[in-house]
Structure formats: structure tokens, C-alpha cells
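Structure, as C-alpha cells:
Quick caveat, the model's predicted, so the values are computed rather than measured. The first residue of the sequence shown is numbered 1, and numbering continues consecutively from there.
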Amino acid sequence: MGVTSFTGVKVFSTTLARDRENMGENITKWLKENSNNIDVVDKVVTQSSDKEFHCLTITIFYRAKA
């Protein structure tokens, strides 16, 4: 199995509930703004929490277009 190569990473992360609600819109906006410059090659969604906080992180791996 081959390794997917990438040239950049964009991380969206928040612990605030209102920011988690808007995260999808923020990611969509960033993707639209950068659609001419990048190709998304992978993404990872990570959730962590403790007694008080819930953290959601979405990591986007991309390759810059030539």
C-alpha cells in the first residue's frame, strides 16, 4: 500500500460548544477559499474530553497544486 503524500496541514480545533456548531461552516469556507490552490488528500477527525471540556479537532492534509 502506498503512502499518500501531502505538502500542508490545516487544523481546525475547538472546545467551545458554539464554535463546534460553526466548525463545519468555517471548514467549508476555508476549502472554498483555497480550492484553486490545494487538493485535499486525507482528513482525520479527533475527539477528546475530560470532566469539563470536549475538544473536537479536524485535521485536513492537502497537496498544493502546481
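Expressed to the nearest 0.5 Å, how far CG of N37 lies from CZ of R63 amounts to 14.5 Å. In this structure, D39 CG and N34 CG are separated by 11.5 Å, a value rounded to the nearest 0.5 Å.
Heavy atoms only, all atoms of each residue included: C55 and T15 are closest at CB-CG2, 3.8 Å.
For residues 46-55, no residue pair satisfies the side-chain hydrogen bond (donor to acceptor under 3.5 Å, both in side chains) rule, not counting sequence neighbours.
Judged as a side chain to side chain contact (heavy atoms under 4.5 Å, CB included), and not counting sequence neighbours, the contacts of N22 are E25, N26. By the side-chain hydrogen bond (donor to acceptor under 3.5 Å, both in side chains) test, S13 is found to be paired with T57, residues two or more places apart in sequence or in another chain being considered. With sequence neighbours excluded, no residue satisfies side-chain hydrogen bond (donor to acceptor under 3.5 Å, both in side chains) with R20. N36 is linked by a side chain to side chain contact (heavy atoms under 4.5 Å, CB included) to nothing, counting only residues two or more places apart in sequence or in another chain.
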Derivation of the side chain to side chain contact (heavy atoms under 4.5 Å, CB included) call for F53 and L16: CA-CA 8 Å; F53 297 101; L16 300 176; 5.9 Å; no
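Around atom NZ of K65, more than 12 heavy atoms belonging to other residues, nucleotides or ligands sit under 6.0 Å away.
Alongside I27, the hydrophobic cluster contains F12, M23, W30, L31, I38, V40, V45, L56, I58, I60, Y62 (criterion: ILVMFWY side chains under 4.5 Å).
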